[in-house]
Amino acid sequence: MKKYVIHGGRPLYGKIEISGAKNAAVGIIPAALLVEGPCRIENIPAISDVDMLLNILRDLGASVRMINRTTVEVDCAGARCQTVPYGAGRKLRASYYLLGAMLGRFGWAEVPLPGGCDFGSRPIDQHLKGLAALGAEVRVEKGYMCATAQGGRMKGSQIYLDVASVGATMNLMLAAVLAEGTTIIENTAKEPHIVDLANFLNSMGAEITGAGTDVIKIRGVDKLRGGEYSIIPDQIEAGTYMAAVAATGGEVRICNIIPKHLECITAKLVEMGAEVEEQGDSLVVRRNRPLQRTNVKTMFYPGFPTDMHPQIAAVLCLARGTSVITEGVWDNRYRYTEEFRRLGAKIQVDGKIAIIEGVDHLSGAPMEACDLRAGAAMIIAGLAAQGTSEISNVKHIERGYEDIIGKLSGVGADIRAVEVPDPEQKKVPAVG
Ligand code: EPU
């Protein structure tokens with residue numbers, strides 16, 4: 001088991017290269033199942049969620065070959081229609097995309113119910129409602145979602161989502177691309193990764209219009225052909241490093257980004273006293289004035305992303321005055337607050353609202369990462385705090401951040417990973 005040790009209190013200077021977007025990659029990799037012939041996917045992030053999905057494709061019989069560090073070639077010609085192994089599928093939130101993709105490809109799927117970060121209840125009723133509208137019979141049995149397309153092929157339909165769910169929008173796109181007839185999905189999510197998945201599928205021959213708006217139209221096609229595609233940069237990874245610079249002070253160029261995707265985050269950091277300068281596909285973030293309070297409400301895109309909530313909270317802990325964060329997407333995203341209090345943060349939670357009274361300084365302490373973004377926020381808090389912090393349970397962080405230690409060390413952070421014994425694997429005394 002690993003933990004991260006941080007000696008905080010140093011401003012950050014230099015440049016950080018942003019990797020491909022996790023939440024696009026975890027939709028695009030299962031989408032390769034729908035493609036006939038090899039497809040080359042570039043700008044793949046080296047994170048454990050991606051490794052798990054590529055291994056699942058291998059288990060299904062696909063050929064998966066890393067061409068270089070960020071490019072993979074996937075050929076699903078040899079993929080078989082079989083149950084997704086429970087162990088790997090259960091650990092991932094994104095395993096639900098295999099349901100849509102396998103239904104599209106085979107007309108049949110058995111996929112473990114998804115895992116992922118724990119933010120309270122994470123229903124998938126909108127996925128199931130949409131798949132049923134497309135002609136699938138879905139039931140949950142022994143921890144698996146088991147689905148069969150009536151007549152062996154999905155059928156185009158009109159679907160209205162009660163909530164603009166990212167997962168349901170992407171899953172239904174996957175299920176509808178090879179369906180017979182046209183599908184219209186209303187009240188869809190508009191996040192950049194939705195558009196990226198549509199662009200990937202269109203580049204392989206799909207006919208999808210409207211991605212990035214409230215209504216997506218998919219004209220079913222008979223087949224998708226192989227090709228090449230490059231995944232967009234990760235909005236949340238970039239936002240996390242921007243928040244880190246705001247918290248510690250200094251000046252860092254965040255490279256390989258799409259500035260438009262970061263406007264909501266930039267706006268808040270500027271309100272708080274950071275300077276953000278757009279230079280082509282980079283943003284230069286600097287902060288050399290005291291941080292000021294602000295209020296933040298998380299929403300669906302183009303609103304402030306829920307996946308930046310804990311990271312912005314870490315910055316606000318050091319801002320002058322009282323700030324309020326309102327969580328507008330998840331029921332329970334506040335488990336990080338208990339850990340922040342160990343550093344001396346003054347933060348109270350009331351339902352979906354956190355009230356943060358800024359303090360002069362934080363002091364390093366041990367913390368336990370409870371989910372991916374909370375873990376990233378603990379790193380930010382540790383970097384800004386005086387003294388030493390230790391973060392345990394970092395497997396959550398490594399699910400979604402490529403080489404976070406290397407990237408932060410490269411801009412002057414004193415952070416390293418150390419191996420510690422796993423308390424769950426206590427030695428069993430030998431008997432007999
Ligand atoms: N919802 C329903 N029914 C459904 C699906 C969702 O009521 O069938 C509700 C949820 O309870 C939640 C809201 O809709 O209140 C949004 O959920 P959504 O389905 O959009 O979330 P998701 O697809 O499970 C993705 C990201 C999350 C990110 C959310 C919101 C992936 C793999 N995960 O989750 O990312 O928080 O969208 O933007 O794309 C992360 O990267 O750290 C992460 C957790």
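In each ligand, atom 1 is the first atom listed, and ligand 1 is the first ligand listed.
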When you check the gap from the basic side-chain N to the acidic O, do Arg335 and Glu338 get nearer than 4.0 Å?
no
Quick look: Met170 vs ligand 1, heavy-atom contacts under 4.0 Å, and the answer is neither
Taking only non-hydrogen atoms of Gln126 and a 4.0 Å limit, the atoms of ligand 1 in range are 3 (N), 4 (C), 8 (O)
Note: Thr306, heavy atoms under 4.0 Å from ligand 1, region reported as side chain
| message | Looking at ligand 1, would Tyr96 count as a contact under a 4.0 Å heavy-atom criterion? | response | yes
Heavy-atom proximity to atom 11 (O) of ligand 1, picking from Gly303, Pro123, Ala164, points to Pro123
(request) Would you check if there is a donor-acceptor pair between the side chains of Thr294 and Glu271 at a distance under 3.5 Å? (result) yes
Just to check, does Ala168 reach to within less than 4.0 Å of ligand 1 when the distance is taken from its heavy atoms? no
Answer yes or no: does an N/O atom from Glu191 fall short of 3.5 Å to an N/O atom of ligand 1?
no
Closest heavy-atom pair, Leu343 versus Ala385, reported as atoms and distance to 0.1 Å, is CD2-CB, 4.2 Å
**Prompt:** Do the charged groups of Glu398 and Lys395 touch, with an N to O distance under 4.0 Å?
**Reply:** no
Looking only at distances, please establish whether an N/O atom of ligand 1 is found under 3.5 Å from an N/O atom of Leu372. no
* Asked: Side chains of Ser165 and Gln126: donor-acceptor distance under 3.5 Å anywhere?
  -> no
| said: I'd like to know if the side chain of Glu237 reaches the main chain of Ser19, judged simply by a donor and an acceptor atom lying under 3.5 Å from each other, with no hydrogens or angles considered. | reply: yes
So, the side chain of Gln82 versus the backbone of Asp59: is there a donor-acceptor pair under 3.5 Å, distance only?
yes
From the list Arg333, His309, Lys352, side chain to side chain donor-acceptor pair (under 3.5 Å) with Glu327 holds only for His309
Does the side chain of Ser48 pick up a donor-acceptor pair with the side chain of Asp51 at under 3.5 Å?
no
Within 4.0 Å of some non-hydrogen atom of Lys22, the atoms of ligand 1 are 40 (C), 41 (O)
Per-atom filter on ligand 1: closer than 4.0 angstrom to a heavy atom of Ile124 are 4 (C), 8 (O)
Close N or O approach (Phe300, ligand 1; < 3.5 Å):
no
Contact region, Trp330 to ligand 1, non-hydrogen atoms below 4.0 Å, reads side chain
Kindly indicate whether the side chain of Asn256, heavy atoms from C-beta on, has any atom under 4.5 Å from the side chain of Asn43.
-> yes
So for Arg373 against ligand 1, with non-hydrogen atoms under 4.0 Å, the contacting part is side chain
Within 4.0 Å of some non-hydrogen atom of His127, the atoms of ligand 1 are 8 (O)
The option among Asn23, Ile194, Asp371 carrying the non-hydrogen atom nearest to atom 39 (O) of ligand 1 is Asn23
Under 4.0 Å between heavy atoms, the region of Ile236 that gets near ligand 1 turns out to be neither
Give a yes or no on whether a salt bridge exists between Glu402 and Arg69, defined as a side-chain N under 4.0 angstrom from a carboxylate O. yes
Counting heavy atoms under 4.0 Å, the part of Asp307 that contacts ligand 1 is side chain
Taking only non-hydrogen atoms of Gly167 and a 4.0 Å limit, the atoms of ligand 1 in range are 19 (O), 23 (O)
